[in-house]
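To start, the structure under review is shown below, and the notes come after it.
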Number of protein chains: 2
Amino acid sequence: MSGNGTSKPSTLTQRRPRRVTASDVAKAAGVSRSAVSRAFTDGAYLDDAKRTLIKSTALQLGYQPNALAASLQGNRTNLVGIIAGDLGNHYDSEFVAQLVSGLNAANKWPLVLGGSEAVTEEAIRSVLHFPLDVLIVRGGSIQASLIDDCAKLNIPVIFSGHVVDAPNTDCVSCRNAMGTALATELLIAKGRRAFGYVGGPPSRTSQTERLTGVTSQLQKHGLELVAHRHADFTFEGGSLCAQELLAAYALDAIICANDAMALGVLSAARIIDKTAVPRDLSVIGFDDIAMACWPDFNLTTIRNPIEQTVSEILRLLEARLEDPDKAKEVSMIDPILIERGTH
Amino acid sequence: MSGNGTSKPSTLTQRRPRRVTASDVAKAAGVSRSAVSRAFTDGAYLDDAKRTLIKSTALQLGYQPNALAASLQGNRTNLVGIIAGDLGNHYDSEFVAQLVSGLNAANKWPLVLGGSEAVTEEAIRSVLHFPLDVLIVRGGSIQASLIDDCAKLNIPVIFSGHVVDAPNTDCVSCRNAMGTALATELLIAKGRRAFGYVGGPPSRTSQTERLTGVTSQLQKHGLELVAHRHADFTFEGGSLCAQELLAAYALDAIICANDAMALGVLSAARIIDKTAVPRDLSVIGFDDIAMACWPDFNLTTIRNPIEQTVSEILRLLEARLEDPDKAKEVSMIDPILIERGTH
DNA sequence: CTGAAAGCGCTTACAG
DNA sequence: CTGAAAGCGCTTACAG
């Protein structure tokens, strides 16, 4: 209606259509705009009848206080940035799903970056234009400059899956080395001796830790890792690695840095010999994604507890908001060995 | 440092620590705050040297314009609400992943609601406190009142996976009936006659459409659906349905409303008889999620094209922002039959 | 090219 | 309990 009526030619209109405002409600209800504001503030002094009147007028007009304008007063914005790893990755997507619903329940609104592939530095900069209450960074390699930027903007950062040492920066991470050590010990006890390892991209510290868990546990028993490969955390990547490894080495155990790759390894091993796993070969993953327990796979794995991780993040977030200057905290989560049918 | 120095007892401080401001930069650089604003506005008149000075001062101070304050001027916020279906659902999570990265690439920032399970009406109301440029609703059952609320707030809505008839509301949806009809036809041509169907929650219109595609195609050949069940779109749900159906009926074909359930059906059928599929039983899914092409499943399915759906959403979004009063549009996406090994 | 001023929609002391 | 006023951090005409 409006936009077309004016004679303005279709320049790309950057303007947003106007939204109902507290003044509109005040006018309609015959009260001051302060009263309208009070009507929407819990515990503000306001005559009951007046509050009722304002609320019903607002409802009728479809008024909702503009959270952006409100936050200008210095209140919290309830906006939380999430730099998600790769949402195409099954573990990350399960993780983000739980984090998002946890935040929603706590009346926080996640502004999600990422989705797939690398998040550009530019995208991160852009999202910092918003006065976030906190930024949650999932996984890997984030430029050090980001931490500086956030510090200058007074936006606290919480890292998940990666421990970072910076002021006002909390971390929650799985004890990665412990997880793979658990897996290694289980297989050694079962009599496995020729170990292969399929890791993720070597740049990630979590990957180094998981590899270390394997090698150091082997060492304790006087064993050495026979071979290892790196892939990209995908089923296909795991499958390719397994083809290479099984063709070149006589392995009786393969430990993987995540479940998706472990399922790929399992799949490739079965194509070579349907019943090889677990008879001649043990395969163990990491994460315990939903598919791991599907009967077709029944994958033995190391659970990287999502629920606990998310609730730690939410706890750290509240504490940080409560006291922005509190000492930084590192919360370590114990992984759990889940014995199923592939070892 | 600061917060602890003051004698204020630890009342729950709602205040957000202050962020560097345009005035700070202006003061530091010895220019007016208007100049700072211009330095960050492409194409604004400003002496080159002055712009350089301001930019470098800003960089040093870690200044970024506050997008919230800026949007108060009536500019776009670049905030896009997404009411995601169930992020635990593999298709939805792949979909949201692509949507998020598409939005990011277009300089839009998704505010995600949902994650898992039902999104509460209260949560939706809360997110409408933010002046969103647009709200994207994925999937199912959204209260009619939501559309009203958005209309009053001048927030256009885009529905995905569900066609809704409302002013200024665009939709993009898959031709659901066409998809399942394609699957049905393929199986009839192969000689299948005894069809079962595993659907999703019956409340969803997309589910009704998918069921209709099966029954009406059967009818064309003088056939009737032997039996159908409803589940919750999960592997486990599909698996349970298959156990029931296969115990009670002599079926030679099962069509499922999504891939996760189809994989569950496949799994259950194989537990009964390893080689039954595709010899005695055909199984076809819907969506074509990543797992469908894993060799362990090699699922024949109906692809619900994500990339195309996302790019249509982005197109409709741009068009709607360009002209808020343009006629509503419904974009229908053709599903694609993907023949693999389970039919 | 540039600064001072008005205004975006809210909240919050400040007086009544 | 209530309204008028100041101010949050920005942008954008308005004069120079």
Side-chain angles (χ1 to χ4, degrees), chain A residues 11 13-54 58 61-79 128-132 153-154, chain B residues 11 13-54 58 61-79 128-132 153-154:
Chain A
T11 51
T13 156
Q14 286 288 351
R15 321 236 106 231
R16 201 161 28 85
R18 192 168 170 287
R19 147 183 190 123
V20 201
T21 195
S23 294
D24 298 337
V25 177
K27 209 170 299 168
V31 301
S32 72
R33 66 187 70 182
S34 318
V36 176
S37 182
R38 289 197 184 96
F40 284 88
T41 307
D42 284 334
Y45 289 115
L46 188 63
D47 183 79
D48 267 355
K50 200 174 238 182
R51 169 171 258 132
T52 310
L53 168 66
I54 293 174
L61 264 51
Y63 171 74
Q64 312 244 33
N66 181 330
L68 264 43
S71 76
L72 229 45
Q73 250 55 239
N75 294 321
R76 291 185 190 169
T77 58
N78 293 324
L79 245 26
L128 291 180
H129 282 49
F130 295 95
L132 307 173
L153 293 168
N154 266 319
Chain B
T11 51
T13 157
Q14 286 289 352
R15 320 238 105 227
R16 200 159 29 85
R18 191 170 169 286
R19 146 183 191 123
V20 200
T21 195
S23 293
D24 298 336
V25 177
K27 210 170 296 169
V31 300
S32 72
R33 67 185 69 181
S34 320
V36 175
S37 182
R38 290 197 183 96
F40 284 87
T41 308
D42 284 334
Y45 288 115
L46 189 62
D47 182 78
D48 267 355
K50 200 174 236 180
R51 171 171 259 134
T52 310
L53 169 65
I54 294 174
L61 264 52
Y63 170 73
Q64 314 244 33
N66 181 332
L68 264 44
S71 76
L72 229 46
Q73 252 54 240
N75 295 320
R76 292 184 188 168
T77 58
N78 293 324
L79 246 26
L128 291 180
H129 283 48
F130 295 94
L132 306 174
L153 292 168
N154 265 319

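Protein chains get the first letters and strands the later ones, always in sequence-line order, with residue 1 at the start of each.
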Given D:dT11, D:dC8, D:dA4, the nucleotide with the shortest approach to the side chain of B:Q73: D:dT11
Whether A:T41 side chain and A:A44 backbone form a donor-acceptor pair below 3.5 Å: no
Audit row: B:L153, A:Q64, side chain to side chain contact (heavy atoms under 4.5 Å, CB included) steps and yes/no: CA-CA 8 Å; B:L153 292 168; A:Q64 312 244 33; 3.7 Å; yes
Listed nucleotide nearest any side-chain atom of A:L72, set D:dC10, C:dC10, C:dG9: C:dG9
D:dT12 phosphate, OP1 or OP2, under 4.0 Å from B:Y45 side-chain N/O: no
d(CZ, B:R33; P, C:dA6) in whole Å: 13 Å
5'-most by nearest nucleotide on DNA chain C - B:A69 or B:L46: B:L46
Who pairs with C:dG16 - Watson-Crick or G-U, where each distance is under 3.5 Å: D:dC1
d(CD1, A:I54; P, C:dT11) in whole Å: 12 Å
Gap between atoms CZ and C1', on B:R19 and D:dG9 respectively (whole Å): 10 Å
Flag, side chain of B:T77 to backbone of B:L132, donor-acceptor distance under 3.5 Å: no
Rounded distance (nearest 0.5 Å) linking atom OG1 of B:T21 with atom CG of B:L61: 10.5 Å
Distance, rounded to the nearest Å, where B:N66 contributes CG and C:dC8 contributes C1': 13 Å
OP1 or OP2 of D:dC1 under 4.0 Å from side-chain N/O of A:K50: no
Neighbour count >12 (heavy atoms, 6.0 Å) for atom CZ, A:R33: no
Nearest-angstrom distance from the residue atom CG of A:D24 to P of C:dG9: 8 Å
Nucleotide C:dT11, atom P - distance to CZ of A:F40 in whole Å: 9 Å
Whole-angstrom distance between D:dT12 and D:dG16, as gauged at atom C1': 16 Å
Atom-pair distance (CZ on A:F130; P on D:dC8), nearest Å: 22 Å
Separation of D:dC1 C1' from A:R51 CZ (nearest whole Å): 11 Å
Sugar-phosphate, base or nothing in reach of B:T21, heavy atoms under 4.0 Å: sugar-phosphate
Donor-acceptor pair (no angle test) under 3.5 Å: B:S34 side chain, C:dA4 base: yes
